[in-house]
Amino acid sequence: CWVCLGWWVERHEAVALFKDNILPTIATLEQIMMDNKDDGSMGRSFHTKICNFEFIITLFIINKLLAITYQISINLQKSNIDLCTAIEKVELVQSVINDIRLNAENEFKELFNSASNIASSLGITKLMPRIVGTQKHRKNYAINSAEIYYRVSIFIPYLDELSASL
């Protein structure tokens, strides 16, 4: 569906816009909570979700990877694109994603540091989910570092899924 393809471009733009404006968004939610309109429960709920390190690191990961696929989403919507050109563009994006996957540790370190800076400015600690004996709803990684945990549990699986979907 051609309309659906347009949604991908809008999603790319929305994620980038949200990431770029996360600090003013949080400040606005804090103001809503202080104004106590409607008990501030809606603002408090959004604020709690956004002021979570897992949310912030996921936002940074998605923003980086969607930026790679952004241009191809635009190009594939053109009515005059030929099949050979489309395949070349997809293969180029696939190559970039594969390069990132091969250098996942360094690529993620940059994202983690950027997300950590935002989290620190907001007073958010870099927590990872606790490790328990039996886990039903997510994988149970026996890792002691938040950076390694988020790289292994979010960044690499998302890269692999994105690569497979191309």
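Just so you know, these numbers come straight off a predicted model, no measurement behind them. When a residue number appears, it is its place in the shown sequence, counting from 1. What you see below is based on every heavy atom in this structure, not just the backbone, and it leaves out hydrogens, waters and symmetry mates.
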Validation row, ring centre Phe60 to ring centre Phe155 under 6.0 Å: no
Partners passing side chain to side chain contact (heavy atoms under 4.5 Å, CB included) against Gln94 (at least two apart in sequence or in another chain): Asn98, Ser163, Leu166
Trace of the ring pair (Phe, Tyr, Trp, His ring centres under 6.0 Å) decision for Phe53 with Phe112: CA-CA 10 Å; Phe53 189 73; Phe112 188 82; 5.4 Å; yes
Donor-acceptor contact below 3.5 Å, side chain His47 vs main chain Leu29: no
Pairwise distance CE(Met34) to CD(Glu30) - rounded to 0.5 angstrom: 8.5 Å
Salt-bridge contact Lys64-Glu107 (side-chain N to carboxylate O under 4.0 Å): yes
Under 3.5 Å donor-acceptor pairs involving side-chain atoms of residues 99-106, not counting sequence neighbours:
unit_1	atom_1	unit_2	atom_2	d
Arg101	NE	Asp160	OD1	2.7
Asn103	OD1	Asn106	ND2	3.0

Atom pair CG (Asn63) and CG (Leu59), whose distance is rounded to the nearest 0.5 Å: 6.5 Å
Review item, side-chain donor-acceptor pairs of residues 117-125, under 3.5 Å, at least two apart:
unit_1	atom_1	unit_2	atom_2	d
Asn117	ND2	Asn113	O	3.3
Ser120	OG	Ser116	O	2.9
Ser121	OG	Ile118	O	2.7

Reported OG1-to-OH distance for the pair Thr58 and Tyr158, which is rounded to 0.5 angstrom: 10.0 Å
Over 12 non-hydrogen atoms of neighbours within 6.0 angstrom of CZ in Phe55: yes
Contacts of type salt bridge (Lys or Arg N to Asp or Glu O under 4.0 Å), residue Lys126, not counting sequence neighbours: none
Pairs of donor and acceptor atoms involving the side chains of residues 19-28, under 3.5 Å and at least two apart or interchain, shall be tabulated with distances.
unit_1	atom_1	unit_2	atom_2	d
Asn21	ND2	Leu17	O	2.9
Thr25	OG1	Asn21	O	2.7
Thr28	OG1	Pro24	O	2.9

Contacts of Lys89 that satisfy salt bridge (Lys or Arg N to Asp or Glu O under 4.0 Å) - sequence neighbours left out: none
